[in-house]
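Presented below is the structure to which this report refers.
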Amino acid sequence: MLFCMTGCVSTGTIRPVKAVKEISEKEALGSMSVRPTFHVNKRLVYLMAWNNIPVGKVIAESGDIIDYRGYKVRVMTVVTESNKFLSKIYRIEDTYTSYVDVRTVSSRRYEADRREGNYRKHLVVEYDFDKMEARYTNLTDGSVKTCPIEKSVQDPLSAIYYFMTKPVKPGEDVSMTINLNEKNYKLFGRVGKIEVIKLPLLGLFPAFKVRPYAELKGRRVKKGRAWMYFTADENRYPLYGVVLIPFGRVTATLRSVEDI
(Lines give C-alpha, C1' and ligand atoms only; values in the text may rest on other atoms or scores of the structure.)
Protein backbone atom coordinates (compact mmCIF):
# COMPACT_ATOMS: atom_id res chain seq x y z
CA MET A 1 0.00 0.00 0.00
CA LEU A 2 2.83 2.40 0.86
CA PHE A 3 4.47 1.79 -2.49
CA CYS A 4 1.19 2.44 -4.31
CA MET A 5 0.73 5.73 -2.44
CA THR A 6 4.25 7.13 -2.66
CA GLY A 7 6.13 5.26 -5.35
CA CYS A 8 9.62 3.75 -5.25
CA VAL A 9 12.77 5.67 -6.08
CA SER A 10 16.14 4.70 -7.47
CA THR A 11 19.13 5.73 -5.37
CA GLY A 12 22.83 5.56 -6.15
CA THR A 13 24.37 2.52 -7.85
CA ILE A 14 28.00 1.65 -7.00
CA ARG A 15 30.36 0.01 -9.50
CA PRO A 16 34.09 -0.89 -9.54
CA VAL A 17 36.03 1.85 -11.30
CA LYS A 18 37.72 -0.59 -13.72
CA ALA A 19 34.33 -1.65 -15.06
CA VAL A 20 33.54 1.85 -16.37
CA LYS A 21 35.56 3.12 -19.32
CA GLU A 22 34.33 6.72 -18.97
CA ILE A 23 36.02 7.16 -15.57
CA SER A 24 39.79 7.46 -15.14
CA GLU A 25 41.04 6.20 -11.78
CA LYS A 26 44.34 8.03 -12.31
CA GLU A 27 42.61 11.37 -12.87
CA ALA A 28 40.39 10.81 -9.84
CA LEU A 29 43.39 10.09 -7.59
CA GLY A 30 45.12 13.21 -8.89
CA SER A 31 42.07 15.38 -8.16
CA MET A 32 41.73 14.00 -4.63
CA SER A 33 45.34 14.78 -3.77
CA VAL A 34 45.00 18.56 -4.31
CA ARG A 35 42.85 21.01 -2.40
CA PRO A 36 39.33 20.92 -3.90
CA THR A 37 37.63 24.02 -5.22
CA PHE A 38 34.78 25.10 -2.97
CA HIS A 39 32.02 26.74 -4.97
CA VAL A 40 30.02 29.57 -3.42
CA ASN A 41 26.45 30.43 -4.38
CA LYS A 42 25.57 26.80 -5.11
CA ARG A 43 22.46 24.85 -4.21
CA LEU A 44 22.57 21.05 -3.93
CA VAL A 45 19.19 19.32 -3.78
CA TYR A 46 18.88 15.77 -2.43
CA LEU A 47 16.02 13.32 -2.48
CA MET A 48 15.45 11.84 0.97
CA ALA A 49 14.04 8.30 1.04
CA TRP A 50 13.19 5.68 3.63
CA ASN A 51 13.66 2.12 2.37
CA ASN A 52 13.44 3.54 -1.18
CA ILE A 53 10.17 5.35 -0.45
CA PRO A 54 10.50 9.14 -1.04
CA VAL A 55 9.85 11.05 2.18
CA GLY A 56 11.26 14.53 1.51
CA LYS A 57 14.22 16.55 0.37
CA VAL A 58 17.40 18.12 1.69
CA ILE A 59 18.56 21.47 0.28
CA ALA A 60 22.17 22.52 0.95
CA GLU A 61 23.34 26.00 0.01
CA SER A 62 26.72 27.76 0.09
CA GLY A 63 26.35 31.51 0.30
CA ASP A 64 28.64 34.50 -0.03
CA ILE A 65 31.49 35.44 2.28
CA ILE A 66 30.29 37.98 4.86
CA ASP A 67 31.68 39.85 7.87
CA TYR A 68 30.65 38.40 11.21
CA ARG A 69 31.96 40.01 14.41
CA GLY A 70 35.15 41.05 12.66
CA TYR A 71 35.74 37.73 10.88
CA LYS A 72 35.29 36.68 7.27
CA VAL A 73 32.94 33.70 7.21
CA ARG A 74 31.19 31.52 4.66
CA VAL A 75 27.50 30.97 5.31
CA MET A 76 26.33 27.38 4.90
CA THR A 77 22.67 26.35 5.15
CA VAL A 78 20.92 22.97 5.10
CA VAL A 79 17.13 22.65 5.04
CA THR A 80 15.35 19.32 5.55
CA GLU A 81 11.69 19.11 4.53
CA SER A 82 9.29 16.16 4.65
CA ASN A 83 6.99 15.61 1.67
CA LYS A 84 3.18 15.49 1.86
CA PHE A 85 3.15 11.76 2.59
CA LEU A 86 5.50 11.89 5.57
CA SER A 87 4.11 15.21 6.81
CA LYS A 88 0.74 13.55 7.42
CA ILE A 89 2.51 11.20 9.84
CA TYR A 90 5.47 13.22 11.11
CA ARG A 91 6.20 16.67 9.71
CA ILE A 92 9.84 17.77 9.48
CA GLU A 93 10.98 21.36 8.83
CA ASP A 94 14.58 21.74 9.99
CA THR A 95 16.99 24.54 9.11
CA TYR A 96 20.68 24.42 10.03
CA THR A 97 23.08 27.33 9.45
CA SER A 98 26.85 27.48 9.96
CA TYR A 99 29.25 30.43 9.80
CA VAL A 100 32.65 29.01 8.87
CA ASP A 101 35.78 31.12 9.41
CA VAL A 102 37.50 31.52 6.03
CA ARG A 103 40.99 31.66 7.55
CA THR A 104 40.83 28.90 10.17
CA VAL A 105 38.12 26.74 8.54
CA SER A 106 36.43 26.34 11.94
CA SER A 107 32.94 27.24 13.10
CA ARG A 108 32.13 30.70 14.48
CA ARG A 109 28.38 30.21 14.83
CA TYR A 110 25.91 27.35 14.46
CA GLU A 111 22.14 27.64 14.42
CA ALA A 112 19.63 24.78 14.46
CA ASP A 113 15.92 25.54 14.05
CA ARG A 114 14.18 22.18 14.40
CA ARG A 115 10.47 21.49 13.87
CA GLU A 116 9.79 17.76 13.98
CA GLY A 117 6.26 16.60 14.78
CA ASN A 118 5.34 18.38 18.02
CA TYR A 119 9.00 18.96 18.88
CA ARG A 120 10.33 22.52 18.67
CA LYS A 121 13.82 23.78 19.40
CA HIS A 122 15.69 26.82 18.11
CA LEU A 123 19.32 26.81 19.23
CA VAL A 124 22.18 29.24 18.57
CA VAL A 125 25.78 28.29 19.40
CA GLU A 126 28.52 30.94 19.45
CA TYR A 127 32.17 29.81 19.47
CA ASP A 128 34.55 32.08 21.40
CA PHE A 129 38.18 31.14 20.73
CA ASP A 130 39.50 33.77 23.16
CA LYS A 131 37.66 32.16 26.07
CA MET A 132 37.78 28.71 24.40
CA GLU A 133 34.12 28.10 25.10
CA ALA A 134 30.84 27.57 23.26
CA ARG A 135 27.77 29.52 24.37
CA TYR A 136 24.49 27.69 23.79
CA THR A 137 21.40 29.92 23.66
CA ASN A 138 18.06 28.12 23.44
CA LEU A 139 15.70 30.61 21.82
CA THR A 140 12.74 28.33 22.55
CA ASP A 141 12.95 28.38 26.36
CA GLY A 142 15.51 31.18 26.91
CA SER A 143 18.11 28.99 28.63
CA VAL A 144 21.84 29.67 28.21
CA LYS A 145 24.64 27.15 28.78
CA THR A 146 28.37 27.08 28.10
CA CYS A 147 30.95 24.37 27.58
CA PRO A 148 34.70 24.28 26.83
CA ILE A 149 35.84 23.78 23.24
CA GLU A 150 39.00 22.75 21.46
CA LYS A 151 41.03 24.56 18.83
CA SER A 152 39.63 24.33 15.28
CA VAL A 153 36.31 22.97 16.53
CA GLN A 154 33.60 22.13 14.00
CA ASP A 155 29.84 22.08 14.23
CA PRO A 156 27.92 19.26 12.45
CA LEU A 157 27.55 21.33 9.27
CA SER A 158 30.97 22.98 9.12
CA ALA A 159 32.53 19.51 9.51
CA ILE A 160 31.30 18.62 6.01
CA TYR A 161 32.68 21.88 4.61
CA TYR A 162 36.03 21.20 6.30
CA PHE A 163 36.24 17.77 4.69
CA MET A 164 35.18 19.12 1.30
CA THR A 165 38.23 21.43 1.28
CA LYS A 166 40.81 18.88 2.47
CA PRO A 167 43.18 16.97 0.09
CA VAL A 168 42.87 13.22 0.75
CA LYS A 169 43.87 9.85 -0.67
CA PRO A 170 42.43 6.34 -0.43
CA GLY A 171 43.36 4.58 2.80
CA GLU A 172 44.02 7.85 4.63
CA ASP A 173 42.55 8.33 8.10
CA VAL A 174 40.90 11.69 8.80
CA SER A 175 39.77 13.14 12.11
CA MET A 176 38.24 16.29 13.57
CA THR A 177 36.53 17.58 16.70
CA ILE A 178 32.80 18.28 16.55
CA ASN A 179 30.99 20.25 19.24
CA LEU A 180 27.43 19.03 19.71
CA ASN A 181 25.00 18.98 22.65
CA GLU A 182 27.57 20.75 24.85
CA LYS A 183 30.11 17.98 24.27
CA ASN A 184 33.26 17.63 22.16
CA TYR A 185 33.24 14.49 20.05
CA LYS A 186 36.23 13.11 18.16
CA LEU A 187 35.11 12.08 14.70
CA PHE A 188 37.16 9.59 12.72
CA GLY A 189 36.88 8.08 9.27
CA ARG A 190 38.92 6.31 6.60
CA VAL A 191 38.89 7.37 2.96
CA GLY A 192 37.76 4.48 0.78
CA LYS A 193 38.97 3.33 -2.62
CA ILE A 194 37.90 4.94 -5.90
CA GLU A 195 34.56 3.62 -7.12
CA VAL A 196 31.91 4.83 -9.54
CA ILE A 197 28.51 6.16 -8.45
CA LYS A 198 25.68 6.29 -10.96
CA LEU A 199 22.94 8.72 -9.95
CA PRO A 200 19.48 8.52 -11.59
CA LEU A 201 19.40 12.12 -12.90
CA LEU A 202 23.07 13.11 -13.04
CA GLY A 203 24.98 10.14 -14.47
CA LEU A 204 28.39 8.74 -13.54
CA PHE A 205 30.89 10.14 -11.02
CA PRO A 206 34.21 8.90 -9.65
CA ALA A 207 33.63 8.70 -5.91
CA PHE A 208 34.92 7.41 -2.60
CA LYS A 209 33.18 6.37 0.61
CA VAL A 210 33.76 7.62 4.14
CA ARG A 211 32.24 5.71 7.05
CA PRO A 212 32.64 7.89 10.17
CA TYR A 213 32.58 6.91 13.83
CA ALA A 214 32.76 9.05 16.96
CA GLU A 215 34.44 8.91 20.35
CA LEU A 216 33.53 10.80 23.51
CA LYS A 217 36.18 11.04 26.21
CA GLY A 218 38.09 8.18 24.60
CA ARG A 219 35.11 5.82 24.41
CA ARG A 220 33.52 4.89 21.11
CA VAL A 221 29.96 6.06 20.57
CA LYS A 222 28.02 3.06 19.27
CA LYS A 223 24.79 4.89 18.50
CA GLY A 224 23.95 4.96 14.80
CA ARG A 225 25.70 3.85 11.59
CA ALA A 226 26.16 5.96 8.49
CA TRP A 227 28.35 6.48 5.45
CA MET A 228 28.63 8.98 2.62
CA TYR A 229 30.08 9.05 -0.89
CA PHE A 230 31.90 12.16 -2.16
CA THR A 231 32.96 12.96 -5.73
CA ALA A 232 36.62 12.17 -6.37
CA ASP A 233 37.13 15.35 -8.39
CA GLU A 234 37.80 19.06 -7.90
CA ASN A 235 34.27 19.67 -6.53
CA ARG A 236 34.13 17.10 -3.70
CA TYR A 237 30.33 17.18 -3.72
CA PRO A 238 28.53 14.87 -1.29
CA LEU A 239 26.73 12.49 -3.67
CA TYR A 240 24.94 9.83 -1.71
CA GLY A 241 24.51 9.21 2.02
CA VAL A 242 23.06 6.36 4.04
CA VAL A 243 21.90 6.31 7.67
CA LEU A 244 20.79 3.04 9.25
CA ILE A 245 17.85 3.33 11.65
CA PRO A 246 15.91 0.70 13.64
CA PHE A 247 13.26 0.46 10.91
CA GLY A 248 15.48 0.33 7.83
CA ARG A 249 17.64 2.91 6.11
CA VAL A 250 17.35 6.55 5.18
CA THR A 251 19.19 7.73 2.07
CA ALA A 252 19.96 11.14 0.58
CA THR A 253 20.67 11.12 -3.16
CA LEU A 254 21.93 14.18 -5.05
CA ARG A 255 19.40 15.18 -7.71
CA SER A 256 20.56 18.61 -8.89
CA VAL A 257 23.33 21.22 -8.61
CA GLU A 258 22.15 24.78 -9.19
CA ASP A 259 23.61 28.28 -9.23
CA ILE A 260 21.97 30.77 -6.84
Side-chain angles (χ1 to χ4, degrees), residues 3 5-15 17 20 22-24 27-28 31-32 36-65 74-87 91-98 100 111-116 156-166 192 194-210 226-243 248-260:
F3 281 88
M5 292 170 58
T6 63
C8 185
V9 298
S10 175
T11 58
T13 302
I14 296 94
R15 303 179 184 179
V17 67
V20 181
E22 297 92 333
I23 301 297
S24 168
E27 289 182 7
S31 297
M32 289 174 62
T37 301
F38 188 82
H39 298 284
V40 298
N41 298 322
K42 287 288 184 181
R43 178 185 294 120
L44 279 63
V45 181
Y46 298 81
L47 172 68
M48 186 168 58
W50 167 67
N51 292 339
N52 285 346
I53 300 172
V55 292
K57 62 182 177 181
V58 178
I59 304 170
E61 294 186 355
S62 59
D64 288 322
I65 296 175
R74 295 189 188 276
V75 181
M76 317 289 298
T77 305
V78 169
V79 176
T80 303
E81 300 176 346
S82 55
N83 61 13
K84 291 182 179 179
F85 164 68
L86 181 58
S87 294
R91 189 176 185 86
I92 299 174
E93 293 179 306
D94 294 343
T95 301
Y96 304 92
T97 307
S98 178
V100 187
E111 184 171 353
D113 187 0
R114 298 175 59 188
R115 301 183 179 188
E116 302 167 5
L157 184 50
S158 70
I160 299 176
Y161 166 77
Y162 170 79
F163 183 74
M164 288 174 65
T165 60
K166 181 180 175 60
I194 300 292
E195 298 179 273
V196 174
I197 288 276
K198 183 179 181 181
L199 298 183
L201 299 181
L202 300 178
L204 299 173
F205 294 89
F208 61 90
K209 181 170 69 175
V210 177
W227 58 91
M228 181 175 287
Y229 282 89
F230 292 83
T231 58
D233 58 20
E234 66 277 3
N235 294 318
R236 190 68 62 80
Y237 289 146
L239 286 176
Y240 175 56
V242 179
V243 178
R249 53 194 272 161
V250 175
T251 58
T253 305
L254 183 63
R255 307 288 276 188
S256 66
V257 178
E258 307 165 2
D259 293 321
I260 58 175

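Positions are given from 1, in the same order as the sequence printed here. Worth saying up front: this structure is predicted, and the values here are computed from it rather than measured.
Side chain of D113 to backbone of D94: no donor-acceptor contact under 3.5 angstrom is found. Looking at T77, its side chain never comes within 3.5 Å of a backbone N or O of E61 through a donor-acceptor pair. Using a distance-only test at 3.5 Å, with no hydrogens or angles considered, a donor-acceptor pair links the side chain of Y46 to the main chain of P238. Side-chain atoms of S82 come within 3.5 Å of backbone N or O of I92 as a donor-acceptor pair. Judged purely by atom type and a 3.5 angstrom limit, R236 uses its side chain to pair as donor or acceptor with the backbone of F163.
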Open item on the list: If you apply the rule side chain to side chain contact (heavy atoms under 4.5 Å, CB included), what do you find for I160 with M76, and how did you get there?
Closed with: CA-CA 10 Å; I160 299 176; M76 317 289 298; over 6 Å; no
TODO: Begin with the C-alpha distance, continue with both residues' side-chain angles, and end with the deciding distance and a verdict on side-chain hydrogen bond (donor to acceptor under 3.5 Å, both in side chains) for D64 and N41.
DONE: CA-CA 6 Å; D64 288 322; N41 298 322; 2.9 Å; yes
- [ ] Decide yes or no on side chain to side chain contact (heavy atoms under 4.5 Å, CB included) for K42 and D259, but give the supporting numbers first.
- [x] CA-CA 5 Å; K42 287 288 184 181; D259 293 321; 2.6 Å; yes
- [ ] Please assess R249 against N51 for the test side chain to side chain contact (heavy atoms under 4.5 Å, CB included), listing each intermediate value before the final yes or no.
- [x] CA-CA 6 Å; R249 53 194 272 161; N51 292 339; 3.7 Å; yes
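Taking CE of M228 as the start and CZ of F208 as the end, the distance is 11.0 Å to the nearest 0.5 Å. Rounding to the nearest 0.5 Å places CZ of R15 at 10.0 Å from CD1 of I23. In this structure, CD in E116 is found 10.5 Å from CD in E93, a value given to the nearest 0.5 Å. To the nearest 0.5 Å, the span separating CD1 on I14 from OH on Y229 amounts to 4.5 Å. The CZ atom of R255 sits 13.5 Å away from the CG atom of L44 when rounded to the nearest 0.5 Å. The distance from the CD1 atom of I197 to the CG atom of L202 is 12.0 Å, given to the nearest 0.5 Å.
Nearest heavy atoms, I260 versus S62: CD1-O, 4.1 Å. A pairwise comparison of heavy atoms in D233 and S31 identifies CA-CB, 3.6 Å as the closest pair. Summarising the geometry of A112 relative to Y96, their closest heavy-atom pair is CB-CD2, 3.7 Å, with the distance given to 0.1 Å. What you find for T165 and Y162 is that their closest heavy atoms are OG1-O, 3.0 Å. Taking each heavy atom of I194 and A28 in turn, the nearest pair found is CD1-CB, 4.0 Å.
In the displayed structure, K198 atom NZ is contacted under 6.0 Å by at most 12 heavy atoms of other residues, nucleotides or ligands.
Taking the side chain as every heavy atom from C-beta outward, L47 and P54 approach each other to under 4.5 Å.
Screening N235, L254, L199 for a side chain to side chain contact (heavy atoms under 4.5 Å, CB included) with F205, the sole residue that qualifies is L199.
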